[in-house]
Amino acid sequence: LIIDSFPRNRNMINTSVIESVEVLKDASATAIYGSRGSNGVIIVTTRHAKEGVTKVDYNGSASVAFVDNKLDLLNASEYMTYQNTLQKKSVFSEEEIASAGAGTDWQDLIFNPAWTHDHSVTVTAGLNKTNVAAGLSYLGQEGIIKNSSYDPDIDGNPDSLTIYGRWFIHLIERLLFLFSVRSEES
């Protein structure tokens with residue numbers, strides 16, 4: 001994966017800043033990438049600023065996931081009655097069955113609604129022969145099972161924060177200086 005002329009990890013791109021995607025499949029197009037290009041190369045170009053225009057973009061979403069179909073299980077008193085029927089003898093007395101009640105629904109204890117938040121802010125500015133882009137993106141994704149999440153860090157924090165910046169300077173015609181910074185914390 002090539003992002004703005006540099007090999008990158010696919011997790012280091014915020015989809016809201018993609019301008020175009022090109023797939024190189026033939027040998028002559030991927031030859032400059034050596035063995036890493038043997039299965040093809042994906043070139044991603046991110047949005048660039050227009051000269052004289054400063055733009056701030058925000059993209060955000062939030063969603064929640066639930067367990068759709070929980071298993072229909074026996075409660076404590078139903079299980080005791082079933083065991084008495086299965087064993088064809090009285091394993092549990094009527095008093096024990098009555099005092100057991102419903103018991104614990106373990107599915108309610110391990111499942112919870114899982115929230116996902118995805119936010120990104122991008123600022124682009126075009127000056128005379130210079131384009132600047134900077135952005136910040138945040139992804140927080142909880143798991144449906146308590147204390148689980150997508151790709152948590154060492155402390156179990158399910159949040160991911162990415163900061164990126166890009167600075168193009170057109171020194172002379174056909175000479176371009178690119179400074180790119182990208183940092184990800186998850």
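FYI, side chains are in, hydrogens and waters are out, and symmetry mates aren't considered; it's all heavy atoms of this structure.
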Members other than Phe66 in its cluster, when Ile, Leu, Val, Met, Phe, Trp, Tyr link by side-chain heavy atoms under 4.5 Å?
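In the cluster with Phe66 are Val64, Trp115.
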
Quick one: hydrophobic cluster around Leu71, which other residues, with the 4.5 Å side-chain cut-off, linked directly or via members?
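Result for Leu71 is Leu73.
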
State the [atom1]-[atom2] distance between [X] and [Y], to the nearest 0.5 angstrom.
| X | Y | atom1 | atom2 | result |
| --- | --- | --- | --- | --- |
| Asn59 | Thr122 | CG | OG1 | 8.5 Å |
| Glu94 | Met80 | CD | CE | 11.0 Å |
| Ile110 | Lys146 | CD1 | NZ | 9.5 Å |
| Asp108 | Lys70 | CG | NZ | 3.5 Å |
| Tyr82 | Ile97 | OH | CD1 | 14.5 Å |

When you measure from the side chain of Asn84 to the backbone of Val91, do you find a donor-acceptor pair of N or O atoms at a distance under 3.5 Å?
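Yes, the answer is positive, given that a donor and an acceptor are paired below the 3.5 Å cut-off.
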
Surrounding OH of Tyr79 (heavy atoms of other residues, nucleotides or ligands, distance under 6.0 Å), is the total greater than 12?
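No, because the 6.0 Å sphere around OH of Tyr79 holds 12 heavy atoms or fewer from other groups.
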
Step through the shown structure and confirm whether more than 12 heavy atoms of other residues, nucleotides or ligands are within 6.0 Å of CG on Asp57.
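More than 12 heavy atoms, drawn from other residues, nucleotides or ligands, come within 6.0 Å of this atom.
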
Over all heavy atoms of both residues, which pair between [X] and [Y] is shortest? Give the atoms and the distance, please.
| X | Y | result |
| --- | --- | --- |
| Gln83 | Phe92 | CB-CE1, 3.9 Å |
| Gly60 | His119 | CA-ND1, 3.9 Å |
| Ser77 | Ala100 | N-CB, 4.3 Å |
| Asn75 | Gly101 | OD1-O, 4.2 Å |

Examine Tyr58 and Val123 and state if one hydrophobic cluster contains both, with Ile, Leu, Val, Met, Phe, Trp and Tyr joined whenever side-chain heavy atoms are less than 4.5 Å apart.
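Looking at the clustering, Val123 is in the same group as Tyr58.
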
Single-linkage hydrophobic cluster Ile145~Val67, side-chain heavy atoms < 4.5 angstrom
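As far as the 4.5 Å side-chain criterion goes, Val67 and Ile145 are connected within one cluster.
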
